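Remarks on the structure that follows.
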Amino acid sequence: MLRKTGAALAMLMAMQANAAYNCNVEPKDDIFISPQTVKIAGASGELVIAKNGDVTRNGKALTLSSTARQQAVSYQENIRTTLPYVNDGVRSRLTVAQSSLDGIIVKQLGTESNVRKRLTTLSSDLTKEMEKVLEPRAEGLAFHHQAITQVEANGRTLLNSTLGGVLQDSINELGAKQLAGVAKSDNPLQALLGNLGGLQQDIQNEWKKQEKDFDRFGNEACGKVTLLEQQRTDLLKALP
């Protein structure tokens with residue numbers, strides 16, 4: 001029961017944080033968005049696309065057909081829409097997950113529970129990891145495709161580290177509350193297990209509420225990334 005309780009906490013935070021990465025399409029380029037251009041660097045060299053469709057490849061300006069120019073315009077416009085969509089979507093869902101879990105912890109363990117601090121730290125650390133993939137910059141946003149695998153591994157490490165502390169704090173704090181009311185209970189251990197079960201059930205119920213939105217966002221994000229990859233492929237074929 002204790003492990004399931006902690007696993008539910010970890011799952012709710014982790015699934016929200018990693019939503020954007022669960023897709024069969026594997027990006028092969030880094031992308032840098034600035035006010036005037038979008039730069040794509042990686043498997044196909046370096047492309048710089050201006051808002052009007054001008055393209056330079058590895059520093060050389062290309063002469064484009066009208067079709068290729070329109071493809072370039074559409075591709076960079078879609079990048080400017082998709083990356084912020086994924087970035088904002090992950091951040092907002094991580095915030096919602098933390099807030100929901102915090103409400104449950106306050107209800108079950110009280111406002112002074114150390115679990116609340118652990119969740120705040122976990123949320124902050126997961127956000128920092130996410131920013132290694134989707135990096136906010138003064139001039140725009142950068143996507144670092146090679147960071148994805150390491151960020152996923154770091155996220156698992158953070159969650160596993162936090163899990164032990166969450167379980168121990170939950171036991172200690174619920175145990176302390178139970179001991180304070182020991183005279184009212186003939187079986188303190190049974191009451192403690194019951195309280196842990198209540199905490200687990202509240203967390204599972206909250207996950208069920210958020211699961212559909214998580215799935216929807218994950219599917220939409222994957223669809224958008226898949227379209228970007230198709231546009232990239234089509235544009236490369238159209239370039240001279």
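The model shown is predicted, which means the values in this text are computed figures rather than measured ones.
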**Q.** Rounded distance [0.5 Å steps], CG in L83 versus CD1 in I33
**A.** 4.5 Å
Q.
I'd like to know if the side chain of T82 pairs up with that of N78 as donor and acceptor (distance under 3.5 Å, no hydrogens or angles considered).
A. yes
Q) How long is the span from the CD atom in Q231 to the CD atom in Q76, to the nearest 0.5 Å? A) 10.5 Å
(Q) Between R216 and K212 (side chain of the first, backbone of the second, donor and acceptor by atom type, cut-off under 3.5 Å), is there such a pair? (A) no
Q | Gap between atom CD1 of I79 and atom CG of L141 - 0.5 Å precision | A | 11.0 Å
Q) Given the rule that I, L, V, M, F, W and Y join up when any side-chain heavy atoms are under 4.5 Å apart, are L235 and L62 in one cluster? A) yes
Q.
So P240 and L64, do their side chains get closer than 4.5 Å, heavy atoms only?
A. yes
Q. Applying the side chain to side chain contact (heavy atoms under 4.5 Å, CB included) test to M130, which of V86, V151, N87 qualifies?
A. N87
Under 3.5 Å, which donor-acceptor pairs do the side chains of residues 49-56 form with other protein atoms, sequence neighbours left out?
residue, atom, partner, partner atom, Å
K51, NZ, P35, O, 3.3
N52, OD1, D54, N, 3.0
N52, ND2, D54, OD2, 3.2
D54, OD1, R69, NH1, 2.7
D54, OD1, R69, NH2, 3.2

**Q.** Gap between atom CD1 of I31 and atom CZ of R80 - 0.5 Å precision
**A.** 11.5 Å
Q) Does E229 come within less than 4.0 Å of R232, counting only side-chain N to carboxylate O? A) yes
Q) Which atoms form the tightest heavy-atom contact between Q98 and S123, and what is the distance? A) OE1-OG, 3.0 Å
Q) Rounded to the nearest 0.5 Å, what separation is found between the OH atom of Y75 and the CD1 atom of I40? A) 4.5 Å
Q) Going by heavy atoms in the side chains, are S124 and T120 under 4.5 Å from each other? A) no
Q) Thinking salt bridges, do D88 and R91 make one under a 4.0 Å N-O criterion? A) no
(Q) Quick one, L236 and L239 - any side-chain contact, counting heavy atoms below 4.5 Å? (A) yes
Q: Any salt bridge (Lys or Arg N to Asp or Glu O under 4.0 Å) involving residues 110-126? Give me the pairs, sequence neighbours left out, ordered by first then second residue.
A: D102-R116, R118-D169
Q | Over all atoms of both residues, closest heavy-atom pair of A142 and F32 | A | CB-CD2, 3.6 Å
Q: Might you point out which heavy atoms bring P27 and F143 nearest each other, and give the distance in Å?
A: CB-CE2, 3.7 Å
**Q.** V133 vs H144 side-chain heavy atoms within contact, under 4.5 Å
**A.** no
Q. Between K128 and E131, does at least one N-O distance fall below 4.0 Å, as a salt bridge requires?
A. no
Q | L158 CG to R156 CZ distance, which is reported to the nearest 0.5 Å | A | 11.0 Å
Q: Determine whether Q70 and V73 make a side-chain contact, defined as any pair of heavy atoms from C-beta on separated by less than 4.5 Å.
A: yes
